[in-house]
Amino acid sequence: MLQILGLLQRFASAELQPVTLSSVHLISEASRLAYADRERWLGDTDFVAVPLQGLLDGAYLDAALAV
């Protein structure tokens with residue numbers, strides 16, 4: 001959820017108005033990117049080294065949007 005919000009904060013609030021095609025598209029794409037990372041890194045942090053700080057890093061999020 002934090003990754004989705006981090007991705008969305010990079011857009012102007014005018015693009016994220018409720019119930020607009022633009023906002024639905026942006027939220028869908030941000031969710032798609034975040035869930036792809038979730039699929040890759042899903043695991044108990046007691047047993048799997050999940051790079052939480054890296055997944056929330058601004059440079060990483062900017063690069064994810066550039067794809």
Linked, directly or transitively: L55 and V48 (ILVMFWY side chains, under 4.5 Å):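 Yes.
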
Co-membership, hydrophobic cluster, residues F11 and V24, 4.5 Å side-chain: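 No, separate clusters.
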
Reported [atom1]-to-[atom2] distance for the pair [X] and [Y], which is rounded to 0.5 angstrom:
| X | Y | atom1 | atom2 | result |
| --- | --- | --- | --- | --- |
| L8 | L61 | CG | CG | 10.5 Å |
| M1 | S31 | CE | OG | 7.5 Å |
| L65 | R10 | CG | CZ | 7.0 Å |
| D62 | L7 | CG | CG | 9.0 Å |
| E15 | I27 | CD | CD1 | 11.5 Å |

Heavy-atom pair with the smallest gap, counting every atom of S23 and P18: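 Taking S23 first and P18 second, the nearest heavy atoms are OG-C, 4.3 Å.
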
Considering all heavy atoms, the nearest W41-P51 contact: CE3-CD, 3.4 Å

Side chain R40, main chain A36, donor-acceptor under 3.5 Å: no

Apart from L2 itself, residues in the same hydrophobic cluster as defined by side-chain heavy atoms under 4.5 Å: L56

